[in-house]
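Some notes on the structure that comes next.
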Amino acid sequence: MTRLLETASSMAITDNAPEAEDGPEPQAESAARPDESETDAPTDDARPAADHDADEDAASEGDRWRRFARGDGEAVDDDDDGTGRHRLPPMHRLGRLARRAATSEWTLAGLFSAILSVAMTWPLARDADHVIPHDLGDPLLQAYTLGWLSDALRTDPAGIWGTNSFWPALDSFLFTDTLLGYAPAALFITDTTSALVVYNILFIGTFALAFLGAYALLRQLGARIAASAVGAAAFAYAPWKLAHFGHLNVLSAGGIALALAMLARGHGWSLRHGFRPERQRTGWIVAGWACALWQFAIGVALGLTFVYIMLFIGLVVGCFWLVKRPKLRWTTLVADGLGGSLFSLGVLWIADKHAMVARAFPETVRDYDYVAWFSPTWQSFVISPEESRLWGGAHEAARADLTWPPEQTLLVGFTLLALALMGLIWSAWSPWKRFWLAFGTAVFMALAMGPNFLDDGSWAWGLLYEYAPGFDAIRTPGRLVLYMTLLLAVLAAGTLTRIADDADAVAHESRVDKRLTVRAPRRVHALLFLPIVLVLLEGVPVVDNPEPPEPPLDMSELEGPVLFLPSDGRDTRLQFWSIDGFVDMANGSAAFTPDEQAGIRQISDSFPAQDAIDGLRDAGIETVVVIPSWLPGSDWAGLDYETDPLGIEVDRTDDAVVYHLGDD
């Protein structure tokens with residue numbers, strides 16, 4: 001009898017049959033804490049049928065069994081609330097809620113994702129106030145973008161679109177991704193040091209959010225805990241992302257997975273069980289639309305494709321509703337109307353701003369052959385970037401044949417590929433769903449290859465380039481590997497979920513008491529976490545966190561507009577330094593080079609010759625700053641900075657020569 005009580009207290013009791021391939025997941029929590037309900041389960045798909053609100057009698061029966069197993073008896077006393085549960089004093093209830101919150105799956109998942117992101121990017125967190133990841137190019141540009149966001153929102157929100165860079169061009173803030181979604185964090189920036197801290201925190205946070213967002217999506221789709229963790233790690237730490245450690249806007253993809261998870265949950269849909277109208281939640285729908293808008297506000301590098309994917313999903317869902325006519329609550333329709341309107345208006349507002357720039361600067365349009373230079377080839381999907389600690393050296397010879405390796409090394413991870421291929425044959429997902437997952441992966445692979453796909457990509461990327469607004473300004477189709485990675489993660493999660501299901505089925509068939517739902521031992525399920533080690537090993541980077549140099553002079557003391565020479569790829573350092581005062585300058589680096597800036601650079605080729613001085617004065621330049629240490633190897637290598645031009649006041653410091661053209 002004692003053994004029976006111990007067995008009953010460690011197992012969920014139900015009259016249901018064992019879990020089938022598409023069935024719900026029994027909860028380990030019911031075995032560990034039989035006195036608690038399953039309300040902390042991350043998705044409705046994971047709850048035992050005995051705990052559904054629609055089956056209160058079965059829930060009460062299960063409660064009585066659990067109380068009997070604990071020795072509580074079945075007597076109902078004055079503390080009983082009439083539903084078979086004991087009422088607890090308020091402080092005890094608060095304590096229980098706090099304990100559940102502290103030990104819930106979502107709390108643990110959030111903590112794990114944060115700790116893992118710090119560990120995988122270490123020692124960046126330790127040195128966050130004086131280094132920046134990867135290089136001194138785009139990371140400094142994006143740190144500057146965050147700094148400009150802070151200054152504009154504090155001093156002149158209406159003037160946010162015109163930065164101090166690219167003078168006198170208008171709307172220069174839109175020359176690259178604006179990172180508007182990070183505006184709340186940007187408000188903490190007051191100088192270059194705080195800009196580094198905020199940038200590095202956001203950089204680390206992109207991996208944490210990518211893991212948590214993918215984990216939430218996979219759990220909502222119906223994957224088991226271990227399977228979701230492995231798939232989330234594969235999405236967050238795919239080897240191809242290592243080449244983009246200098247692109248905060250590209251790494252910021254967690255909102256995509258999180259928005260899809262919220263919308264799926266709000267509509268009561270999962271990959272395992274399909275649409276279940278009783279599980280519609282309006283709050284999750286509105287939150288999903290808001291998260292989608294936030295993702296787009298970070299930048300169009302990922303946001304443009306995401307908008308088209310949202311439109312495609314909306315079209316598919318609309319067709320499904322017209323054919324099947326599922327039962328939708330009126331609150332669901334209202335939530336979709338409000339959320340969809342908010343998303344659409346926000347996207348149109350930001351897109352209109354970018355369209356104005358495209359009309360004013362025709363040079364934003366990319367030539368098709370130019371796009372081909374940056375596009376991957378067939379072998380790109382199994383070639384690792386040089387930043388990979390595990391595969392970088394081994395794939396060095398393969399990278400030598402690529403025209404632009406940073407955008408063409410698209411390895412998603414061999415562990416992920418193996419699990420996904422296995423998932424095509426053996427999976428918790430139905431064969432038809434596996435087919436569509438594989439088909440979607442193939443479509444995104446074709447699109448990611450750009451003009452390098454079959455027939456110059458005319459039936460894939462070429463269609464988007466010709467007919468989809470915005471795609472003619474994109475030069476890097478390979479970034480669509482993001483969606484390949486997500487679909488492969490879903491396939492991989494299906495494989496591990498099937499293994500967990502089969503392990504539970506074996507344990508259930510071997511049970512002694514037929515009233516019990518029995519799961520495989522936890523140590524068996526713990527083994528399913530092992531692939532995450534291989535996934536993370538493939539995602540370990542070769543750490544390179546350079547320290548930005550100090551500015552050669554006090555930027556805030558300069559009289560603008562200023563032209564710094566040389567003006568080349570190192571303009572990102574100038575933009576970063578200009579956070580101190582935001583002096584107007586003709587320099588700048590962005591997604592394209594405006595013709596006006598190219599003209600000013602051409603005029604300055606012969607500086608400090610008199611014709612160059614006159615030309616710069618006519619262009620409105622008041623001050624020219626030459627940085628001698630940058631001259632060797634640049635287009636201005638022969639610039640004579642030791643001779644003072646006639647009639648020009650010149651100031652010299654240890655690191656710069658300042659010409660005051662406006663003092664004529």
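Side chains of M585 and L574 form a contact here, defined as non-hydrogen atoms less than 4.5 Å apart. Residues L563 and V625 have side chains not in contact (no heavy-atom distance under 4.5 Å, counting atoms from C-beta outward). Using a 4.5 Å heavy-atom cutoff, the side chains of L616 and V624 are in contact. When side chains are defined from C-beta on, K353 does not count as touching V357, because their heavy atoms never get closer than 4.5 Å. Here the side chains of E596 and P168 are in contact, with some heavy-atom distance below 4.5 Å. Side-chain contact between I383 and L411: absent, with no pair of heavy atoms (C-beta onward) separated by less than 4.5 Å. Taking 4.5 Å as the limit, some side-chain heavy atom of V626 sits within range of a side-chain heavy atom of F607. Contact annotation: the side chain of L149 approaches that of I160 to within less than 4.5 Å [non-hydrogen atoms, C-beta and beyond].
With hydrogens and angles left out, the side-chain atoms of S165 and Y144 include a donor and acceptor closer than 3.5 Å. A donor-acceptor pair shorter than 3.5 Å cannot be found between the side chains of S252 and N249. Using modelled atom types, one finds no donor on one side chain facing an acceptor on the other under 3.5 Å when comparing T193 with D129. In this structure, a donor-acceptor pair under 3.5 Å is absent between the side chains of E363 and T593. A donor-acceptor pair shorter than 3.5 Å can be found between the side chains of T163 and S172. Remark: the W240 side chain and the S380 side chain contain no N/O donor-acceptor pair separated by less than 3.5 Å.
Using the six-membered ring where Trp is involved, F592 and F361 have ring planes that are tilted, between 30° and 60° apart. Relative ring orientation between F207 and Y237 is described as parallel, the plane-to-plane angle staying below 30° on a 0-90° scale split at 30° and 60°. Taking the six-membered ring where tryptophan is involved, the planes of W106 and Y215 are perpendicular, since the angle between them exceeds 60° and thus also 30°.
Residues in residues 111-130 take part in these ring-ring contact (aromatic ring centres under 6.0 Å, His included) pairs, two or more places apart or across chains: F112-F211. The list of salt bridge (charged side-chain N to carboxylate O under 4.0 Å, His left out) pairs with a residue in residues 565-593, not counting sequence neighbours, reads D568-R570, D571-R601. Annotation: salt bridge (charged side-chain N to carboxylate O under 4.0 Å, His left out) contacts involving residues 650-662, sequence neighbours excluded, comprise D644-R652.
In plain terms, the two heavy atoms of A586 and I600 that are nearest each other are CB-CD1, 4.1 Å. Residues L447 and L464 share a closest heavy-atom pair of CD2-CD1, 3.8 Å. The minimum heavy-atom distance linking A297 with I350 is given by the pair CA-CD1, 4.0 Å. The minimum heavy-atom distance linking A656 with L553 is given by the pair CB-CD2, 4.4 Å. Taking each heavy atom of S556 and G581 in turn, the nearest pair found is CB-CA, 4.4 Å.
If you run ring pair (Phe, Tyr, Trp, His ring centres under 6.0 Å) between F444 and each of Y483, Y308, F312, W461, only Y483 comes through. No option in F173, F576, Y199 other than F173 meets the side-chain contact (heavy atoms from CB on, under 4.5 Å) test with T145. Each of I256, V347, L263 was compared with M310 under the side-chain contact (heavy atoms from CB on, under 4.5 Å) criterion, and only L263 meets it.
To the nearest 0.5 Å, the span separating CG on D618 from CD1 on I603 amounts to 8.0 Å. Residue Q408 holds its CD atom at 9.0 Å from CZ of F374, rounded to the nearest 0.5 Å. Note that CG of D554 is 11.0 Å distant from OG1 of T653, once rounded to the nearest 0.5 Å. Taken from CG in L302 to CD in Q295, the straight-line distance is 6.0 Å, to the nearest 0.5 Å. Taken to the nearest 0.5 Å, the CG atom of L179 stands 6.0 Å off from the CG atom of L248. Residue T643 holds its OG1 atom at 10.5 Å from OH of Y641, rounded to the nearest 0.5 Å.
Every residue two or more places apart in sequence or in another chain was checked for a side chain to side chain donor-acceptor pair (under 3.5 Å) with T155, and none qualifies. For the salt bridge (charged side-chain N to carboxylate O under 4.0 Å, His left out) test, residues two or more places apart in sequence or in another chain that qualify with E407 are R479.
Y465 and Y368 have their aromatic ring centers within a separation under 6.0 angstrom.
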Next item on the list: Carefully, step by step, assess F175 and F166 under the rule ring pair (Phe, Tyr, Trp, His ring centres under 6.0 Å).
Entry: CA-CA 10 Å; F175 288 1; F166 298 101; 5.1 Å; yes

Margin query: Would I201 and V197 count as a side-chain contact (heavy atoms from CB on, under 4.5 Å) here? Give the steps.
Written below: CA-CA 6 Å; I201 291 175; V197 173; 3.9 Å; yes

Note to self: Go through it in stages, so that I can follow the logic: the residues are I204 and V118, the test is side-chain contact (heavy atoms from CB on, under 4.5 Å), and I'd like the CA-CA distance, side-chain angles, deciding distance and then a yes or no.
What the structure shows: CA-CA 6 Å; I204 296 171; V118 171; 4.0 Å; yes

Next item on the list: Kindly indicate, with the supporting measurements, whether the criterion side-chain contact (heavy atoms from CB on, under 4.5 Å) is fulfilled by V371 and I474.
Entry: CA-CA 8 Å; V371 176; I474 293 179; over 6 Å; no

Checklist line | Stepwise side-chain contact (heavy atoms from CB on, under 4.5 Å) test for L202 and L146 | finding: CA-CA 11 Å; L202 291 175; L146 294 170; 3.8 Å; yes

List the atom pairs, donor and acceptor, that lie under 3.5 Å between side-chain atoms in residues 133-140 and the rest of the protein, sequence neighbours left out.
from, atom 1, to, atom 2, distance (Å)
H134, NE2, E387, OE2, 2.9
D135, OD1, G137, N, 2.7
D138, OD2, H247, NE2, 3.0

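By the 6.0 Å contact criterion, CH2 on W636 is enclosed, its count of non-hydrogen atoms from other residues, nucleotides or ligands being greater than 12. In the displayed structure, Y370 atom OH is contacted under 6.0 Å by more than 12 heavy atoms of other residues, nucleotides or ligands. Within a 6.0 Å sphere centred on CH2 of W373, heavy atoms belonging to other residues, nucleotides or ligands number 12 at most.
Side-chain N or O atoms of D171 include none that pairs as donor or acceptor with a backbone N or O of G162 at under 3.5 Å. Side-chain N or O atoms of S578 include one that pairs as donor or acceptor with a backbone N or O of Q575 at under 3.5 Å.
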